[in-house]
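The structure appears right after this line, and notes come after that.
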2 protein chains.
Amino acid sequence: MELTTAEENYLKAIYHLSEEGQKSVSTNDIASAIQTKPASVSDMLRKLGEKEVIQYRKYYGLQITPLGMRLALQTIRKHRLWEVFLVDKLHFAWDEVHEVAEQLEHIQSTLLVERLDAYLNYPKFDPHGDPIPDEFGDVRSRPRIALQEMGIDQSGQIVAVKDSSPAFLRYLDKVGAYIGARIKVLDKVEFDGSVEILVDQKKTIFMSKDVANNILILTS
Amino acid sequence: MELTTAEENYLKAIYHLSEEGQKSVSTNDIASAIQTKPASVSDMLRKLGEKEVIQYRKYYGLQITPLGMRLALQTIRKHRLWEVFLVDKLHFAWDEVHEVAEQLEHIQSTLLVERLDAYLNYPKFDPHGDPIPDEFGDVRSRPRIALQEMGIDQSGQIVAVKDSSPAFLRYLDKVGAYIGARIKVLDKVEFDGSVEILVDQKKTIFMSKDVANNILILTS
DNA sequence: CTAATTATTTAGCTTTAGCTAGAATTTAAT
DNA sequence: ATTAAATTCTAGCTAAAGCTAAATAATTAG
Ligand SMILES: [Mn+2]
Ligand SMILES: [Mn+2]
Ligand SMILES: [Mn+2]
Ligand SMILES: [Mn+2]
């Protein structure tokens, strides 16, 4: 069973929107995630249903099937491995990789994926801190919470970002909030939800609720 | 001006068949090179003509335009750089790279090509000995002749192969005729055109006319 | 110089993946 | 319980890229 590039992109979007296959997703959500019209989505859902990668009931949502899950995770695995390659080997910035990985993830060659994985030394996380599924689709995920959820004086380590848009990532670069940084919450403003944090015991940063919501922390 | 994947493949085939843009090519030749039907080729030629990458006159051949040449060479550059990557970095065998490079060559990202080129240390030739065009499409080609054309006692170095099919390349691996090997023609059989050569001053190989025709030599 | 053969193109059909416009269904609000 | 609003789906169109069958042009042979 092989999927077209469009089908892979839809399935990946569905997987992400359903939060790793848990809840059901809406046609409109898929449309906006994938930058297309709801009518196109309806049509694709029918096709994906026929291919049995999702279970689709008209007007009610859809559920990704175990088969669909496996295929989605394969594509995600490739996407993230390529991102590691681009950053580690070709010295791309972490905000420059997404677009290219979006293309590279569709290259069909199991040998290529295996060799790439080995060449990169079997990385467990991509440049944005997202876990890389193994060849069987198993994801070893760490318990992580949004920086926004942390209380005053709580500390931890930045392990991932929710938003991978260049604008957001470049902002993080600017303020020095990189993956791996150790942080401690110094203060939280009730009024607007903004937070003040100490980074690596030396630098103090103020950030809005919006920003703090997109930074994921492994607490300690 | 950007081309679709299919258009890039056609243009590349046209470029190769025309022997780097010299002679004109036929519809049937393109069809068999690209494994498609002549009717499909006719249709694509019309489109490529409209995009002005070829000059097309119905029923008479076609000429690749300077623009078409530039675009074809860009794709060829990418193809060959990826082949180097696969062999040098991911340890693919030289007969395993073509199919994958055929996909990778269509990835759109000038930054990627630049970085890849630098990462590979600006290689001048691909694993099959074919020259890699620079970013402006300039190809520094070496004067080379088919092993078949050599006379007895003439010597030289294997610098490239004409045929890159796995079957042929694996045969060369088996007999030890690799790129870079120094050879000398010991004997030629008039009857069937087969030749006997000495490889690296130690090993003697017999090969058919067909094989000798697909091995390219830099004479010395 | 015709006539047969070969090469090439055109016409019309298929699939994939989009789109718009409008119909159908579900959900929310009186 | 209706009605209104929002969501989702269907119908019908387009473009790319392929196909087969048939038409047409060019080439070769007698
Ligand atoms: Mn993609
Ligand atoms: Mn990522
Ligand atoms: Mn290709
Ligand atoms: Mn090659």
Side-chain angles (χ1 to χ4, degrees), chain A residues 1-15 17-18 23-64 68 71-72 75 99 102-103 105-108, chain B residues 1-15 17-18 23-64 68 71-72 75 99 102-103 105-108:
Chain A
M1 235 279 298
E2 51 284 329
L3 301 177
T4 64
T5 292
E7 287 169 341
E8 284 183 352
N9 284 336
Y10 270 93
L11 202 54
K12 205 159 55 88
I14 290 167
Y15 176 83
L17 287 171
S18 70
K23 56 176 213 180
S24 125
V25 254
S26 81
T27 301
N28 272 343
D29 285 353
I30 297 170
S32 75
I34 220 172
Q35 303 262 67
T36 186
K37 303 290 164 184
S40 308
V41 175
S42 284
D43 209 50
M44 183 56 95
L45 293 183
R46 191 183 44 71
K47 289 185 213 163
L48 293 177
E50 279 167 13
K51 291 204 170 187
E52 305 195 327
V53 294
I54 63 172
Q55 226 187 312
Y56 176 48
R57 272 188 51 223
K58 279 198 292 197
Y59 290 106
Y60 297 84
L62 57 95
Q63 275 269 116
I64 195 163
L71 294 173
T75 307
E99 240 192 316
E102 207 54 50
Q103 297 178 63
E105 71 190 0
H106 303 291
I107 303 289
Q108 308 266 12
Chain B
M1 236 279 297
E2 50 283 331
L3 302 178
T4 65
T5 292
E7 287 168 340
E8 284 183 352
N9 285 335
Y10 270 94
L11 202 54
K12 206 159 55 92
I14 290 167
Y15 176 82
L17 286 171
S18 69
K23 58 177 209 182
S24 127
V25 253
S26 81
T27 300
N28 273 342
D29 284 353
I30 297 169
S32 74
I34 220 173
Q35 304 261 68
T36 186
K37 301 291 164 183
S40 308
V41 175
S42 282
D43 209 50
M44 183 56 95
L45 293 182
R46 191 183 43 72
K47 290 187 214 164
L48 293 177
E50 280 167 13
K51 291 204 170 185
E52 306 194 327
V53 294
I54 63 171
Q55 225 186 315
Y56 175 50
R57 273 187 52 223
K58 277 198 290 196
Y59 289 105
Y60 296 84
L62 58 96
Q63 275 270 116
I64 195 163
L71 295 172
T75 307
E99 240 192 316
E102 207 55 49
Q103 297 179 61
E105 73 189 0
H106 303 291
I107 302 289
Q108 309 265 11

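Note that this is a predicted model, so its numbers are computed, not measured. So you know, we letter chains A, B, ... as the sequences are listed, proteins then strands, and number each from 1.
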Can you find a pair of side-chain heavy atoms, one from [X] and one from [Y], that are under 4.5 Å apart?
X: B/L45; Y: B/I30; answer: yes
X: A/V25; Y: A/I64; answer: no
X: A/N9; Y: A/E105; answer: yes

Practice item. Test B/L48 against B/M44 for side-chain contact (heavy atoms from CB on, under 4.5 Å), laying out the working first. Key: CA-CA 6 Å; B/L48 293 177; B/M44 183 56 95; 4.0 Å; yes
Practice item. Return yes when atom NZ of A/K51 has more than 12 non-hydrogen atoms of other residues, nucleotides or ligands closer than 6.0 Å, and no otherwise. Key: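 Counting neighbours around NZ of A/K51, more than 12 heavy atoms of other residues, nucleotides or ligands fall under 6.0 Å, so yes.
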How is [X] classified with respect to the nucleic acid when contacts are heavy atoms under 4.0 Å: base, sugar-phosphate, or nothing?
X: B/T4; answer: sugar-phosphate
X: A/A39; answer: base
X: B/P38; answer: base

Check your understanding: Near DNA chain C, which residues from residues 41-50 of chain B have a heavy atom under 4.0 Å away?
Key ->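 Heavy-atom cutoff 4.0 Å gives B/S42.
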Exercise for review: Could you go through the side-chain contact (heavy atoms from CB on, under 4.5 Å) check for B/Y10 and B/V53 one step at a time?
Suggested key: CA-CA 11 Å; B/Y10 270 94; B/V53 294; over 6 Å; no
Check your understanding: DNA chain C: A/T5 or A/Y59, which has the more 5' nearest nucleotide?
Key ->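 The 5'-side residue here is A/T5.
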Exercise for review: Taking all heavy atoms of B/M1 and all of B/L3, pick out the closest pair and write down the distance.
Suggested key: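 Shortest heavy-atom contact: CE-CD2, 3.7 Å.
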Point to revise | Minimum heavy-atom distance A/Y15-A/A72, with the two atoms named | key: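 Heavy atoms of A/Y15 and A/A72 come nearest at CB-CB, 3.9 Å.
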Exercise for review: Tell me, with the steps shown, if B/E50 and B/R46 meet salt bridge (Lys or Arg N to Asp or Glu O under 4.0 Å).
Suggested key: CA-CA 6 Å; B/E50 280 167 13; B/R46 191 183 43 72; 3.2 Å; yes
Review point. Going 5' to 3' on DNA chain C, which nucleotide is the first and which the last to come under 4.0 Å of a heavy atom in chain A?
Key: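 The footprint of chain A covers C/dT16 to C/dT26.
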Practice item. Under 4.0 Å from any heavy atom of chain B: name the first and the last nucleotide of DNA chain D that qualifies, 5' to 3'. Key: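 Boundary nucleotides touching chain B, in 5' to 3' order, are D/dA16 to D/dA26.
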Practice item. Nearest 0.5 Å please: distance from the OG1 atom of A/T75 over to the CD atom of A/E8. Key: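 The CD atom of A/E8 is 4.0 Å from OG1 of A/T75, to the nearest 0.5 Å.
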